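Computed from a predicted structure; not experimentally measured. Just so it is clear: chains get the letters A, B, ... in the order the sequence lines come, proteins before strands, and each one is counted from 1.
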Amino acid sequence: MCYRTRLNAQLEEIEKSFDAYFEEKERYMPREEINGFSHSPYPVIVDESPGHIQFYNWGLIPFWAKDNKIQKATLNAKVETLNEKPSFRNAIKNRCLVIVDGFYEWQWLDPKGKEKQKYIIKPKDQDIFALAGIYSQWKNPETGSEMGTYSIVTTEANELMGEIHNNKKRMPIVLHKQDRKKWLTSEDYSAFAFPYETDLVADKC
DNA sequence: CCAGACGTTGTT
DNA sequence: GTCTGG
DNA sequence: CCAGACGTTGTT
DNA sequence: GTCTGG
């Protein structure tokens, strides 16, 4: 799974890497570690507006939800079941790029996971990169306010990630730089499911 | 038939 | 909104 | 992760 | 003892 990311790059570096611009520059804060369970606003690029970097909340809320309780369970969406799940199937055409410069995973050092080793993971050939995401617009019926929310799409772990995430063996879909646009625009996403291979590097931390 | 779920797998 | 388990 | 279930379906 | 629902 993927519950924590890093986005510590300078704003200008992000804009350059994605050829897109922050609409609200003052909201961007570089951070060494972002906890998905905080559901805080996070920089993404959505298919409808590929030239802009916008702030969406991590944890997809389907349009029919009455409250945000579901968010704690929609940080990730399994690519294998995307089109079956009521929470996700309305959003499979709403593609976004989740901007990161690393993500964290914990390796279990014993059968019960009492001891864990933390790793930071990134592709060999990209310092700032995109995880495959899907998004939804949600209007809070209590307050009437609208917000964008997203999930990170996960797939079966590749060889390296299987050694690290050795209990659940899942990993986020890490897009090749040349596939960013394809993720945003292709209806059929099967080419991104396992074994979509990306050359990753993991460092202990 | 209707109430309740709808999701994934940390608490570092 | 739509599906399903009781 | 741990608490709680773990089974079938008569009243002779 | 082992599985599962919360």
**Request:** Report the residues that fulfil salt bridge (Lys or Arg N to Asp or Glu O under 4.0 Å) with A:Lys118, sequence neighbours left out, ordered by chain and then residue number.
**Result:** A:Glu33
**Message:** I need the full list of salt bridge (charged side-chain N to carboxylate O under 4.0 Å, His left out) pairs touching residues 181-203 of chain A, with sequence neighbours left out, sorted by first then second residue.
**Reply:** A:Lys93-A:Glu187, A:Lys124-A:Asp199
**Prompt:** Is the NZ or CZ atom of A:Arg4 both under 6.0 Å from the centre of the six-membered ring of A:Tyr104 and within 45° of that ring's axis?
**Reply:** no
**Message:** So if I take every side-chain heavy atom of A:Lys116 and compare against B:dT11, D:dC1, C:dC3, which nucleotide ends up nearest?
**Reply:** B:dT11
**Request:** Determine which nucleotide pairs with B:dA3, using a 3.5 Å limit on both distances of a Watson-Crick or G-U wobble pair.
**Result:** C:dT4
**Prompt:** How is A:Tyr104 classified with respect to the nucleic acid when contacts are heavy atoms under 4.0 Å: base, sugar-phosphate, or nothing?
**Reply:** nothing
**Item:** Qualifying residues under salt bridge (Lys or Arg N to Asp or Glu O under 4.0 Å), relative to A:Arg180, sequence neighbours excluded
**Value:** none
**Asked** Who are the salt bridge (Lys or Arg N to Asp or Glu O under 4.0 Å) partners of A:Lys69, not counting sequence neighbours?
**Response** A:Asp67
**Message:** My understanding is that only residues two or more places apart in sequence, or in another chain, count here; which of them pass salt bridge (Lys or Arg N to Asp or Glu O under 4.0 Å) with A:Lys122?
**Reply:** A:Asp127
**Asked** What is the nucleic acid contact for A:Lys118, judged by heavy atoms within less than 4.0 Å: base, sugar-phosphate only, or nothing?
**Response** nothing
**Request:** Pick base, sugar-phosphate or nothing for A:Asn167, based on heavy-atom distances below 4.0 Å to the nucleic acid.
**Result:** sugar-phosphate
Considering only nitrogen or oxygen atoms on both sides, find all protein atoms under 3.5 Å from nucleotides 4-7 of chain B and state each distance.
{"from": "B:dC6", "atom 1": "O3'", "to": "A:Ser87", "atom 2": "OG", "distance (Å)": "3.3"}
{"from": "B:dG7", "atom 1": "OP1", "to": "A:Pro86", "atom 2": "N", "distance (Å)": "3.0"}

